[in-house]
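Report on one structure; see the data block that follows.
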Amino acid sequence: RLHHVRENYFATMEIPVLLGRSFTPQDDERAPKVVVVNQTFARLFSSGENPIGKRFGFNADKPTEIEIVGVARDAKYRNLRDESPPTVYVPWLQELGRVGAVTFEVRTAGDPVAFVTAIRQAVREVDPNLPLAGVKTQLEVANESLRIERLFTRLLSFFGLVALLLAAIGLYGVMAYAVTQRTKEIGIRMALGAQRHNVLKLVLSQGMMLTLIGVVLGASSAIGLTRLMKSLLFGVSATDPVTFIAISFLLAAVALLACYVPARRAMRVDPLVALRYE
């Protein structure tokens with residue numbers, strides 16, 4: 001990938017020059033041809049050696065025409081998911097004939113959207129006939145490159161919340177039914193001296209055991225399924241431990257809440273009523 005840039009490009013984009021130097025205003029058409037390359041290009045071109053001072057050329061007739069004077073950190077442009085390709089940065093003053101459409105990068109001290117009008121006015125003052133289109137912030141560009149992933153994430157989050165709600169309702173129903181079926185047993189336990197907190201513990205432990213089994217089976221299945229969704233993930237691995245732990249705790253908390261209502265009902269069982277319960 002080839003970019004024609006000004007001398008302040010790296011400072012504006014906050015791309016650090018790791019080795020050598022950046023461009024200067026003196027790197028014009030009268031000066032020796034120089035370039036800054038990115039880390040990927042340097043790694044492929046110099047095989048681990050220091051690339052500063054090495055020479056190459058785009059023209060087979062001039063294989064040593066261009067000198068590498070700097071190495072910049074890898075950067076992504078079109079898509080955040082793509083790997084950084086080998087990139088060469090050329091001082092625009094050295095190849096004015098190849099410069100066509102120009103992209104202006106502007107760094108602001110505040111909200112960049114608030115500066116759009118001022119930027120358009122500044123361009124009109126330079127050349128009223130110069131068209132200025134496609135004004136976007138870096139955040140907008142990044143969001144557009146991940147719009148498909150964000151859509152899938154929203155859909156999956158929605159269906160995940162629905163599934164969580166259905167699971168909580170189902171667990172509540174199971175525990176409520178279990179408490180109803182064990183009303184006589186609970187009454188006997190309380191008649192024999194069991195305290196209310198013992199009954200609470202009994203019902204909660206049963207519900208949380210079901211939850212634990214479900215979480216273990218679900219996490220095991222999810223580890224296998226998330227590998228199939230790896231292409232939709234960005235900035236997180238398919239087996240990210242923080243995500244799995246957080247979701248497990250969330251499921252456990254929802255399950256505990258779903259079990260608590262039937263457990264509280266069991267605590268209020270009157271032993272005399274329970275012993276007569278059929």
Side-chain angles (χ1 to χ4, degrees), residues 1-107 134 136-150 152 226-241:
R1 182 169 294 176
L2 185 66
H3 293 295
H4 295 84
V5 301
R6 287 191 60 178
E7 61 275 4
N8 60 348
Y9 172 79
F10 298 106
T12 301
M13 297 299 294
E14 292 190 344
I15 300 176
V17 177
L18 306 176
L19 293 175
R21 67 173 178 87
S22 181
F23 298 133
T24 67
Q26 286 70 42
D27 294 318
D28 55 19
E29 58 186 357
R30 296 169 297 179
K33 291 192 174 183
V34 295
V35 295
V36 172
V37 299
N38 71 342
Q39 292 171 288
T40 301
F41 184 98
R43 184 169 56 253
L44 296 175
F45 179 76
S46 60
S47 301
E49 298 179 1
N50 188 340
I52 303 301
K54 293 184 179 296
R55 308 184 72 88
F56 71 99
F58 294 119
N59 191 330
D61 296 333
K62 301 177 180 179
T64 60
E65 180 184 23
I66 304 170
E67 179 185 359
I68 298 175
V69 297
V71 177
R73 179 175 293 173
D74 286 342
K76 298 182 179 182
Y77 291 89
R78 296 180 181 176
N79 195 316
L80 293 176
R81 302 186 64 82
D82 295 340
E83 296 294 332
S84 296
T87 304
V88 176
Y89 300 94
V90 180
W92 74 299
L93 290 176
Q94 291 192 343
E95 295 190 355
L96 287 174
R98 295 188 179 184
V99 177
V102 177
T103 300
F104 291 95
E105 301 286 352
V106 180
R107 177 167 296 279
K136 297 179 181 179
T137 66
Q138 288 289 344
L139 183 59
E140 289 174 337
V141 173
N143 288 339
E144 286 180 3
S145 70
L146 296 174
R147 62 183 181 277
I148 300 300
E149 289 82 351
R150 291 179 183 275
F152 274 106
T226 49
R227 297 183 186 277
L228 302 177
M229 301 172 58
K230 189 175 181 180
S231 61
L232 299 176
L233 301 177
F234 177 77
V236 64
S237 67
T239 56
D240 180 54

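Just so you know, residue 1 is the first one in the sequence shown, and it goes up from there. What you are looking at is a predicted structure, and each value in this text was computed from that prediction instead of being measured.
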### Message
For Ala72 versus Ile15, what's the shortest heavy-atom pair and its separation?
### Response
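The answer is CB-CG2, 4.0 Å.
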### Message
For Lys54 versus Ser46, what's the shortest heavy-atom pair and its separation?
### Response
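What the structure gives for the nearest pair is CE-CB, 4.0 Å.
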Distance-only, no hydrogens or angles: does the [X] side chain make a donor-acceptor pair with backbone N or O of [Y] under 3.5 Å?
{"X": "Arg107", "Y": "Thr12", "result": "yes"}
{"X": "Asn38", "Y": "Pro86", "result": "no"}
{"X": "Glu67", "Y": "Pro32", "result": "no"}

### Task
Only counting residues at least two apart or in another chain, list the ones meeting salt bridge (charged side-chain N to carboxylate O under 4.0 Å, His left out) with Lys62.
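Lys62 satisfies salt bridge (charged side-chain N to carboxylate O under 4.0 Å, His left out) with no residue once adjacent residues are dropped.
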Can you name the side-chain contact (heavy atoms from CB on, under 4.5 Å) partners of [X], sequence neighbours left out?
{"X": "Phe104", "result": "Val102"}
{"X": "Val71", "result": "Leu19, Val37, Gln39, Ala42, Pro51, Ile52"}
{"X": "Glu95", "result": "His4, Lys33, Val90, Arg98"}

#### Entry: Ring centres under 6.0 angstrom apart (Tyr89, Phe41)
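Not under 6.0 Å, so no.
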Side-chain heavy-atom pair [X], [Y] within 4.5 angstrom cut-off:
{"X": "Phe23", "Y": "Tyr9", "result": "no"}
{"X": "His3", "Y": "Val88", "result": "no"}
{"X": "Phe56", "Y": "Thr64", "result": "no"}

### Message
Let's go through Arg6 and Asp27 carefully: what are the C-alpha distance in whole Å and the side-chain angles of both, what is the deciding distance for salt bridge (Lys or Arg N to Asp or Glu O under 4.0 Å) to 0.1 Å, and is it a yes or a no?
### Response
CA-CA 10 Å; Arg6 287 191 60 178; Asp27 294 318; over 6 Å; no
### Query
Who are the side-chain hydrogen bond (donor to acceptor under 3.5 Å, both in side chains) partners of Arg55, not counting sequence neighbours?
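Partners of Arg55 by the side-chain hydrogen bond (donor to acceptor under 3.5 Å, both in side chains) criterion come out as none, since no residue qualifies.
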### Task
Under the side-chain hydrogen bond (donor to acceptor under 3.5 Å, both in side chains) rule, collect the residues that match up with Asn8, sequence neighbours excluded.
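Counting only residues at least two positions away or on another chain, Asn8 forms no side-chain hydrogen bond (donor to acceptor under 3.5 Å, both in side chains).
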### Query
Could you go step by step and tell me if Trp92 and Val5 meet the side-chain contact (heavy atoms from CB on, under 4.5 Å) rule?
CA-CA 5 Å; Trp92 74 299; Val5 301; over 6 Å; no
### Residue pair Glu29, Leu93: steps toward the side-chain contact (heavy atoms from CB on, under 4.5 Å) verdict
CA-CA 6 Å; Glu29 58 186 357; Leu93 290 176; over 6 Å; no
### Query
Is the count of non-hydrogen atoms from other residues, nucleotides or ligands lying under 6.0 Å from Arg73 atom CZ greater than 12?
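For Arg73, atom CZ is not crowded (no more than 12 foreign heavy atoms under 6.0 Å).
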